[in-house]
Structures are given as structure tokens and as C-alpha cells.
Trainee: 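Structure provided below as C-alpha cells; questions to follow.
First the proteins, then the strands, lettered A, B, ... as listed; each starts at 1. Every value quoted in this text rests on a predicted model; they were computed, and no experiment measured them. Just so you know, these numbers use all the heavy atoms, side chains as well, and skip hydrogens, waters and symmetry mates.
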There are 2 protein chains.
Amino acid sequence: MSAVTIKDVAQLAGVSPSTVSRVISNHPKISPATRKKVRDAMHQLDYHPNIMAKSLVSKNTNTIGLVLPYSSDNLFINPFFSEVLRGMLAYANNKNYDLLLSSARNQREELEAINRMVLGKRIDGVVLMSPSRDDVIVKKLMEYDFPFVLLGRSLEYPDVLSVNNDNIKASFDLTNYLIAQGHQKIGIVTGKPELVVSEDRLSGFQRALRQAGLPLNPDWIVSAEMLEKNAYHTISMLMNAGDRPTAILVIDDVIAISLIRELAEIGFGVPEDISIVGFNNIYMSEMSNPPLTTIDVGIYQLGYQTIQQLIRKLAGEDHPSKVTVPHRLVVRESTK
Amino acid sequence: MSAVTIKDVAQLAGVSPSTVSRVISNHPKISPATRKKVRDAMHQLDYHPNIMAKSLVSKNTNTIGLVLPYSSDNLFINPFFSEVLRGMLAYANNKNYDLLLSSARNQREELEAINRMVLGKRIDGVVLMSPSRDDVIVKKLMEYDFPFVLLGRSLEYPDVLSVNNDNIKASFDLTNYLIAQGHQKIGIVTGKPELVVSEDRLSGFQRALRQAGLPLNPDWIVSAEMLEKNAYHTISMLMNAGDRPTAILVIDDVIAISLIRELAEIGFGVPEDISIVGFNNIYMSEMSNPPLTTIDVGIYQLGYQTIQQLIRKLAGEDHPSKVTVPHRLVVRESTK
DNA sequence: TATGGTAGTGGAAACGTTTGCACAGGAGGT
DNA sequence: ACCTCCTGTGCAAACGTTTCCACTACCATA
């Protein structure tokens, strides 16, 4: 195991360690001759700086922390996450940052993990993916004045960085598409009420109905939770009521895809008997049977811009603190 | 930003920094009284050790590196990955390890990232997910005697850690299931030939056919690549030949699911007109329409045991170097 | 020729830990 | 009463960097 240090390089090049350090950090006043000598020595010894020692004194780690929140077991299984991560890594690696991952099974663990990373001086900034409203971690980070960015929700504080979609508008647009297709009786499968995103999508839906003067039958609102627990019963209730919806907006593509399958089991065809739309446009949505009409929320971009926000802040660059990633209606064959 | 160090704790507790350090690391010969004093002081100051300083001298980082390989754009989008990661994090976090993520767009970048982490003393061990056969990184790590584990392939070297499935057997089992269902004409959609996993699954398939004395019509072998490029044409060729297969084994669930949809578009029902089976049992397989018959390869376990292998090695524990995660046939409704 | 300025380099302290070694004090054996 | 041994603690060096400050040449200017 090679343990070549800056001193070895210095010795080989016939200069002092300070000079080597300066060459590494591209200090302006190093003579070209010295620079070359040192570079050659570094190369010859296959020198790589000890990052621990470096961060200990320079006080930055070129690392961004990411704690996967406890409420996200589904988020995690959900293909959503790996696409977000891909976007994050793309930007981070390009700027020479790495991602440090930890996970938590509950809020205490989440707080612990963050404390360990932040107070342990292990990372320069942190991404908060916890989609719920709870602010104890945010408060703590603000108190320490530690750089962080929120993914998937925003906060009124003007200087808190965040990256999000306009979920209200997205849901509004999606509902209006259904209305424009002639649907008058539209149901919805809602997500966990404690999540901001669920609330936003529900409210955009309601607003669109209201604006079009359409009714919202309470029987047409079911929760994803209910659906998961007892799919058959829930769907039967919905579809065998005297007045059944002709279209259903589903809070998430994954759930939409599974709903389509469950409808098929009971004998309802999509889109012949009922139209289904989802949210997110995950990779699978295009490949489902039938392909799903949905809102593309720019999953990759969400990840990409989250890290962009954070790294820009770390670099002291000026930039708006709230970023809204645009969404886009993708019409496929699950609607008519 | 709190900058409380071991010295602050020592001062408050009225002991020396060494003693504090010993309390932290549970040194046996510290008197209970001192131990309590120090613990109280730590708590009162909300002390968290500076991990950089700690690793600098102790020479371990409690961090495991993970470089996402360049050939894995699909692997990455593939829900497979997030489930593997979930397994990895579960074990790692439980043992107080974190994961350091980097990605690479080509082999040079991959090597660079590994060098940076390994030679930079940033990690204690590394997971290699690159599923192809190329050994330059493995050679380098062996040369340095740096701990690593292979995920998704094994190597003849006796002391190289690896976690894998028995893909030959898995494919053999899956094919035999189809044969037992009465299928005599079975086709296959193969993966990239340079991947070990593709090769193994193809060879298990061939072996089962041979053993049953069944023919393998060359027209019934198509590559996933071809399918992706020109699905319609490829499928038409397959299905409109005089002699068409009654079942198709597909190298990967994602591709199987998309194949089902494409067959539906041309007018072939699954499983009425043709049976389809996949590999992996990703989360979505259960929710597809129809639900997919597949081989569960224990994705979560693959991740979990990979990290287990590595951490055990780091802890100096004795254990077998090659782990094979068992697979399991999951019969659903895409076959008859 | 003396003076000042600048470009290039080295010395040494500092970052916050861990740990080998030394040492004080008390217990136990003769 | 003396020696030995053990328990618990402190001192100081070391880990591999960065960076402030000082210093040496050398050149240009007066």
C-alpha cells in the first residue's frame, strides 16, 4: 500500500513541501521550471494527496451529504430515486464533489446522521430530501449557518435554497387535459396527506375542477394507502358505484401502473373503460401496458439542479435561492 | 458554527485530551468517575469528533467507496440499482459505515475515481459493480492489497471477495419451469454479450434445452439491443415466422415488461398467445400488466451481503470469500 | 553605488485527533 | 518497612496537509 506523501515528492523534486503544495493548488508565483520538476516527481511516484489531511487544515471536504429519510421506503424503492441520484452525481462529479450517503430509519437517526456529518466536519453541505414538513433539522442547520438545500419542497425563508416542481400547477394542467378530453367525472388517488407534494397535487386538481365548474364526488377520492391495503375492495367500490368516474388522476406513476393492472384483473380496460393518468414520468411509464399518460417532472433535473444550487452557494456564487423545475404533460395511451 | 474540540471537553471535565479520547473509544482502564465526568462534558458541549482528524491518525475512515461504472447507464435507470443500494446502506449504516458515491463515464474516469479515493485514503474498502470482465482495476487493487468486493461476478482468485447469483442455475431452473408447463418452442432475448451475467443466463438456458432434447431455433434468439432499436420489426420477425415460439425468456425484467407492451401493440396477448418470463424480480414486476413470472435474485440481499463481506474483511473476521445469493422462481400471470 | 521592490522559495505552526511511554499513588506480599 | 505490581492518567509526538511569514536573489531605479 503506497504511502507516498508530499514530503517524498518534495525530496525527489529537490524542493520543500510547501512548494509542492503550491504546485498542486496552482499557486501563481511558482516558476515554470519548479512546476515541471514537481509535476514530474508527482507523476513518477503516483502521488495522490491525502484527503483527510487536506480537509483537516483547509476545512473543506468536497463532499456533499445525503441522508435518505425514514419516510422514504417507498421513495427509495421507487425508481424516482435512482434517477434523482443520477442527476445529482452528474453535476457533483463534474465539479469534483462526491456524495456521502447515509440512511435513517426514523427521525432520531436522521438527526444523528446529520449531526455526525456536519459537526464531524465531514461534508461541506447537505441535501434534505425529507419530504415532510418537519423543521427540526432545518432549524438546526440554520442555527449553525450550515449550507443545505431542500429537494421537493420549499420554505418561506428567503435565503433557504430549494429545488422543487410547481406541483399545484402540474396537477392543474393534468386535470385540465382530462377535462379538455371531455371527461366530466374525474376521481383521484391521493398520497400521504403529511407530504407537501400530495397536498399540492390535490389542491391543483381541485382548483381545475372548480374552475371548470365540475363536481368532485367524495366517493371518487381514495388514498393510495387504502388502495395498497385492499386494492380489490377499494376499486370495486369506486367502479361499481352508480355514478362511476371516467378518469382517475393518480398521485404517482408507480401507483398508477399498479392500478391499471388491478383494474384489468377486475375486467376494466384502460383506456377503453376508464382513463388513468399518473405523475413523475418514471422510466417505466413508457413501458407499461398501456403506456402511461403522465406529467414529466424532470426527475433527473431535480437532482442535477439540487446539487448545482448547493455547489454554487459553496462557491459563493450569486443565484436565486428557489428553483422551480418545469413540468411537461406527456400524453400516451392510458387516456382517451 | 460550533467548533468544539476534544480540548474543550477536556478542559470542562478537568482532564487531559488523552483521557477524553480514551473515554470516546471505550478504553478499559478509565475510572467510572472520570468516564462520567467526561461523558457529561461531551453532552453539555454537544461534542462530535472531527472525523478528518480522527481518520488522519487512526487510518480508517468508516467509509466504503462505490463507483458507478460507465457501462451502467441502464443499470442505473434500472430499479435494480436502488434496491441494491438500499441493501448496502442497511448493512453499512448498521455497522456505522457510510457510503461514498462517485460515478464515471468511462474506464479512465472510473480508474481515476478509485485512485483518488483509495490513494487519497478516503475509504477503507471499495465495491466494484462493473459487470464486465475488465480487470485493470482489480489488478491495481490487488497490487495495493486494498480491500474490495465484486458485485455481480466472481473471479477465480481464491481470496477475492465476491457476491453473485448462480445465474446459470437460475436460468436453467427458469427454462425448466417453462418446459414443465409444456412449452417446446422457447425463444430468448439476450443481453450484452460482454456481460458475464448475460453469458451465464444464456448458457443455463441452452443447457436446459439440451437436457430436455429440445431444439433451439436460431431465429428465436434476439438481442435486447436489437429489440430496443427496432422493436416492431424484431418482434414481427419472431412472431410471423412459420414456426413461432410459445414462450420467451427475457434477460431482464425491465426488458420483459416492455416486450409485453410491444407484443400487445401488435396484437399478441400474454400469456394467451405467448408466455413471457424475466429475470431479477424488480419491484415493478409484480405490478406490471400482467404480473411477470420471473426469477427473484434477491436484489436487496445482493447489496446487503456485498457490504457484509467487505466489512467483515475489514474487521478481520473469517468468512468464505465467495457468496452466492440464492434465487427463487416466482410464478405470476405472464406464463401459462 | 545604494535603495527599494518583486519573484520565488523555505521554515514552522496549525488543524484535531490517537497512542506509546512515563509516572504517581496505592495495594499487596515478604 | 521495603519492594513490586497494577491502575489510572498526563505528556508529547505523530498523522499529512496548508499557509503565514521571512528570507534570498536579483533587477530596476535614482
Trainee: Ignoring the backbone of B/Ser58, work out which of C/dT18, C/dG11, D/dG8 is nearest its side chain.
Mentor: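 Shortest atom-to-atom distance from the side chain points to C/dT18.
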Trainee: Does a side chain donor of either B/Asp98 or B/Thr63 reach within less than 3.5 Å of an acceptor in the other side chain?
Mentor: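 Judged by distance alone, the side chains do not pair up.
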Trainee: Rounded to the Å, how far apart are A/Ile24 CD1 and D/dG16 P?
Mentor: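 My rounded result for the distance is 14 Å.
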Trainee: Counting any heavy atom closer than 4.0 Å, what does B/Ser25 reach on the DNA or RNA strands: base, sugar-phosphate only, or nothing?
Mentor: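 Touches nothing.
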Trainee: Counting side-chain heavy atoms from CB outward, which of C/dT19, D/dG16, C/dG16 is closest to A/Val57?
Mentor: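 So the nucleotide nearest the side chain must be D/dG16.
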Trainee: If you look at every strand shown and take non-hydrogen atoms under 4.0 Å, does B/Ser18 touch a base, only sugar-phosphate, or nothing?
Mentor: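 Result for B/Ser18 = base.
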Trainee: Specify the separation, in whole Å, of atom NZ of A/Lys7 and atom P of D/dG16.
Mentor: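 To the nearest whole Å, that distance equals 8 Å.
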Trainee: I'd like to know if the side chain of B/Gln309 and the backbone of B/Ser321 have a donor-acceptor N/O pair within less than 3.5 Å.
Mentor: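 It does hold such a pair.
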Trainee: Please state how far atom CD1 in A/Ile6 lies from atom P in C/dG11, giving the value in whole angstrom units.
Mentor: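 Spelled out: CD1 on A/Ile6 to P on C/dG11 is 14 Å.
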Trainee: If you go through the side-chain atoms of B/Arg35, does one of them form a donor-acceptor pair with the base of D/dG8 closer than 3.5 Å?
Mentor: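 Side chain to base: no pair present.
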Trainee: Using a 4.0 Å heavy-atom cut-off, does B/Ser55 contact any base of the nucleic acid, only the sugar-phosphate backbone, or nothing at all?
Mentor: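 No contact.
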Trainee: Rounded to whole angstroms, how far apart are CG on B/Leu45 and P on C/dG16?
Mentor: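 That distance rounds to 14 Å.
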Trainee: Can you name the closest pair of heavy atoms from B/His27 and B/Arg35 and give their distance?
Mentor: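 Looking at all heavy atoms of both residues, the closest pair is O-NH2, 3.1 Å.
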Trainee: Starting at the 5' end of DNA chain C, which residue's closest nucleotide do you reach first, B/Met52 or A/Ile30?
Mentor: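 The 5'-side residue here is A/Ile30.
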Trainee: Give one of base, sugar-phosphate or nothing for B/Thr5, where a contact means two heavy atoms less than 4.0 Å apart.
Mentor: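 Here B/Thr5 touches the backbone only, sparing every base.
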Trainee: Which whole-number value in Å describes the distance from B/Lys121 NZ to D/dG16 C1'?
Mentor: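 It works out to 10 Å between those atoms.
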Trainee: Expressed in angstrom and rounded to an integer, what is the separation of A/Asp8 atom CG from D/dT17 atom P?
Mentor: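 It is 9 Å, rounded to the nearest whole Å.
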Trainee: B/Thr34 side chain: which of D/dC21, D/dC11, D/dG8 is closest?
Mentor: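 Looking only at side-chain atoms, B/Thr34 lies closest to D/dG8.
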Trainee: I want to check something: taking the side chain as every heavy atom from C-beta on, are A/Thr306 and A/Tyr91 in contact at a cut-off of under 4.5 Å?
Mentor: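 In short, these two side chains do not touch, never coming nearer than 4.5 Å.
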Trainee: With a 4.0 Å limit, can you tell me whether B/Tyr47 has a side-chain N or O closer than that to the phosphate oxygens OP1/OP2 of C/dT17?
Mentor: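 So the side-chain polar atoms of B/Tyr47 do come within 4.0 Å of the phosphate oxygens OP1 or OP2 of C/dT17, strictly under.
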Trainee: Please tell me which of B/Lys59 and A/Val20 maps to the more 5' nucleotide of DNA chain D, matching each residue to the nucleotide holding its nearest heavy atom.
Mentor: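 Residue closer to the 5' terminus by nearest nucleotide: B/Lys59.
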Trainee: For the pair made of NE2 in A/His27 and P in D/dT17, what is the distance, rounded to whole Å?
Mentor: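 Rounding to the nearest Å, NE2 of A/His27 and P of D/dT17 are 18 Å apart.
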Trainee: To the side chain of A/Asn50, which of D/dT17, C/dG10, C/dG16 is closest?
Mentor: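 The closest nucleotide is D/dT17.
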Trainee: Measure NZ/A/Lys29 against P/D/dA25 and give the value in whole Å, please.
Mentor: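 Distance, rounded to whole Å: 18 Å.
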Trainee: Which nucleotide sits closest to the side chain of A/Thr19: C/dT9, D/dG10, D/dG16?
Mentor: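 So the side chain of A/Thr19 is nearest to C/dT9.
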Trainee: Name the closest nucleotide to the B/Lys54 side chain, picking from D/dG10, C/dC15, C/dT17.
Mentor: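 Between D/dG10, C/dC15, C/dT17, the one nearest the side chain of B/Lys54 would be C/dT17.
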Trainee: Could you verify whether a donor N or O on one side chain and an acceptor N or O on the other, from B/Ser16 and B/Thr19, lie under 3.5 Å apart?
Mentor: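 A pair is found: one side chain offers a donor N or O, the other an acceptor, under 3.5 Å apart.
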Trainee: OP1 or OP2 of D/dT9 sitting under 4.0 Å from any side-chain N/O of B/Ser31?
Mentor: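 Answer is yes, contact under 4.0 Å.
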Trainee: Examine distances only and state if a side-chain atom of B/Lys54 and a backbone atom of B/Thr61 form a donor-acceptor pair shorter than 3.5 Å.
Mentor: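 Side chain of B/Lys54 to backbone of B/Thr61: no pair is present.
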